[in-house]
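Below is one structure; the comments refer to it alone.
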Amino acid sequence: MARRKGLIVQMLDARKQTKKLEAQAEARRHRELIAEQKRQEAEAHREARQAEAAAKKAEAARLRQEVQAKRLADQAAAKAAREATQRERVEERRRAADTRTKAQEAAAAKRQADREAHARKIAEAEFRTEAIGTRITEYAQLLARRNRRAAEAALELRAALSNGGPTAFVERLQHVLAQSRYPEGLTGKAAAHYDPASRELLIEYELPLQNVVPTVVGFRYTTAKGMRAIPRNEPETKKLYGNLLARLTLRTIAEALDATSPDLVSGIIFNGYASTKDKATGRAIRPLLMSVGAERDRFAMVQLDEPELDPVLCLRSHLNAIVSPHPYDLEGVRPVMSFDLSKYKFVDEMDVVAGLDSRTDLLTLSPGEFEHLIRRLFEAIGMKSWVTQASKDEGVDGVAVNEDPIVGGLCIIQAKRYSKIVGLESVHALAGVMDHKRAAKGVLVTTSWVGKASRDFAAANGRIEIIEGRNLKHMLKEHLGLDVLIGLGKLPPGWDRADLE
């Protein structure tokens with residue numbers, strides 16, 4: 001029992017021990033739970049603190065970053081501003097340097113341009129001076145540079161004369177003279193007439209005007225005064241012009257003689273004219289400045305290539321030329337050629353005017369009386385005139401000479417006392433006689449009229465004048481005081497009977 005009792009006690013004790021152990025275990029678990037809870041709470045609290053600290057730290061870091069970023073931004077902005085300012089200063093310095101460089105370059109370029117312009121002006125002055133000197137030299141060498149090949153045309157000229165007569169001869173000669181080369185400003189323009197019977201060649205030459213001779217000797221350029229012409233003194237200018245005309249005369253005569261053979265041309269009559277305007281009237285004038293009759297043998301004595309040859313003295317003293325005393329002033333002279341009137345057979349003068357009453361009909365006059373009336377008319381106009389013989393007059397009814405040195409010359413007159421139209425053949429015949437007689441002008445005077453073909457031919461010829469009946473009536477009234485009648489049975493178109501009554 002006791003053992004049982006002891007077992008029970010032991011069992012109770014064991015149970016108590018177990019319960020105690022369980023209670024202890026439970027208490028331990030409870031404590032461990034509380035401890036775990038506390039630990040977890042502490043861990044959570046710690047984590048919370050850590051999180052808060054981390055948050056604070058992160059916020060602080062963020063704030064620091066913001067501050068740092070702001071500081072960096074401010075620094076960057078400041079740096080950018082400094083750099084911009086520096087760049088602007090650098091750009092300003094660069095611009096200033098560029099401006100200085102450009103100004104220096106511009107100044108240098110201007111100085112260079114001024115130097116080049118000055119050099120160009122000096123070169124221009126030298127060039128213009130040299131050009132003037134060259135022109136004067138070319139004028140001085142006109143004789144030396146004449147056409148040396150003119151003699152090669154002698155055979156051609158002979159053939160032209162044989163095949164085409166004087167007209168073809170003259171045309172070919174003018175072509176040969178035109179081959180001669182002249183300095184700029186000189187044309188060498190010439191016209192010619194040839195008389196095979198006398199073997200004389202008449203040359204009319206168009207002389208240049210005074211402006212071909214430079215009135216300055218050169219040019220000089222200075223910065224202060226610019227381009228300045230150096231004037232040539234007037235006596236020297238006039239002498240150069242006179243020498244130029246003389247050289248042109250000698251050169252043309254020489255080339256014409258070289259181009260023609262002695263058996264065809266024994267001498268040359270040279271008349272040099274200058275075409276200009278009369279300053280007093282504005283009318284065209286053509287003064288004769290140079291006139292010379294050069295025989296071939298006498299001209300051959302002239303040494304044209306001699307540098308010491310004085311062309312003016314040669315013309316005046318050796319060739320007995322008539323040279324204008326003041327060619328620069330275009331003072332005309334009388335031609336050296338005196339018309340050979342001995343080749344015409346003249347009749348004694350008849351004072352037909354004294355036998356006319358104031359109302360004489362011109363158609364009632366004899367041909368001789370009419371020719372003498374026309375002679376008196378030309379004398380009243382201011383010309384010397386003669387009436388030729390009726391036989392062998394070669395179509396010449398009268399000859400008149402105008403001694404004016406400018407517009408003068410030999411004039412062939414045909415007087416036609418007709419009651420009907422004068423045919424074209426009469427005008428053609430007058431032109432032929434003019435060429436044969438080397439006349440300067442031809443005048444056909446008629447009591448009737450001519451046709452359009454005759455007027456056109458005269459206009460194309462340029463040296464033929466036609467005086468028809470009604471004009472003749474007015475001229476007789478004006479110059480001789482004769483109020484004549486012309487009793488034409490038929491009037492041409494456009495005429496009125498009152499024109500003749």
Side-chain angles (χ1 to χ4, degrees), residues 185-193 202-213 215 234 237-238 241-242 244-245 248-249 252 269-292 321-339 374 377-385 398-413 427 430-431 434 438-445 450 454-468 470-480:
L186 305 180
T187 63
K189 183 178 179 182
H193 301 280
L202 172 63
I203 295 179
E204 289 189 0
Y205 190 93
E206 189 68 28
L207 294 171
L209 296 176
Q210 314 96 314
N211 56 10
V212 298
V213 176
T215 56
E234 187 174 345
T237 303
K238 292 182 176 180
Y241 182 64
L244 172 62
L245 300 189
L248 288 172
T249 300
T252 304
I269 296 171
F270 178 96
N271 287 329
Y273 297 87
S275 298
T276 183
K277 294 293 183 68
D278 187 340
K279 294 183 179 180
T281 64
R283 297 181 61 185
I285 58 174
R286 197 166 179 252
L288 177 67
L289 304 182
M290 193 77 63
S291 185
V292 54
I322 297 179
V323 180
S324 170
H326 304 102
Y328 195 81
D329 299 322
L330 302 182
E331 181 177 327
V333 296
R334 295 182 182 275
V336 69
M337 174 185 175
S338 58
F339 297 101
I374 300 305
L377 174 61
F378 275 80
E379 287 182 346
I381 292 174
M383 301 175 68
K384 292 182 179 180
S385 59
V399 176
V401 173
N402 184 347
E403 295 182 335
D404 188 290
I406 298 176
V407 298
L410 179 65
C411 177
I412 299 297
I413 303 171
V427 185
L430 175 58
M434 289 167 55
R438 293 182 300 161
K441 201 169 190 64
V443 182
L444 188 149
V445 185
V450 300
S454 297
R455 285 190 292 271
D456 292 344
F457 179 84
N461 181 279
R463 296 184 293 129
I464 295 178
E465 294 290 339
I466 297 176
I467 302 176
E468 295 178 303
R470 57 181 177 179
N471 295 329
L472 175 60
K473 173 180 168 61
H474 294 310
M475 293 177 68
L476 289 172
K477 177 68 174 178
E478 178 181 356
H479 296 286
L480 293 178

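Every value quoted in this text rests on a predicted model; they were computed, and no experiment measured them.
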Considering residues at least two apart in sequence or located in another chain, which fulfil the side chain to side chain donor-acceptor pair (under 3.5 Å) criterion with His474? none

With sequence neighbours left out, write down each residue that passes side-chain contact (heavy atoms from CB on, under 4.5 Å) with Lys477, or none if nothing qualifies. Asp483

By side chain to side chain donor-acceptor pair (under 3.5 Å), Gln210 pairs with (sequence neighbours left out) none

Glu478 meets the side-chain contact (heavy atoms from CB on, under 4.5 Å) criterion, sequence neighbours left out, with none

All salt bridge (charged side-chain N to carboxylate O under 4.0 Å, His left out) counterparts of Glu465, not counting sequence neighbours: Lys441

Measuring from Leu476:CG to Asn471:CG, what's the distance to the nearest 0.5 Å? 11.0 Å

Should Asn461 and Met434 count as side-chain neighbours, where that means a heavy-atom distance under 4.5 Å? yes

Report the residues that fulfil side-chain contact (heavy atoms from CB on, under 4.5 Å) with His479, sequence neighbours left out, ordered by chain and then residue number. Leu377, Ala380, Ile381, Met475

Restricting to side-chain contact (heavy atoms from CB on, under 4.5 Å), what partner residues turn up for Asp278, sequence neighbours left out? Ala280, Thr281, Ile285

Which of parallel (below 30°), tilted (30 to 60°) and perpendicular (above 60°) describes Tyr205 and Phe270? tilted

Are the side chains of Leu245 and Pro208 in contact, using a 4.5 Å heavy-atom criterion? yes

When you compare the side chain of Val323 with that of Val333, does any pair of heavy atoms fall below 4.5 Å? no

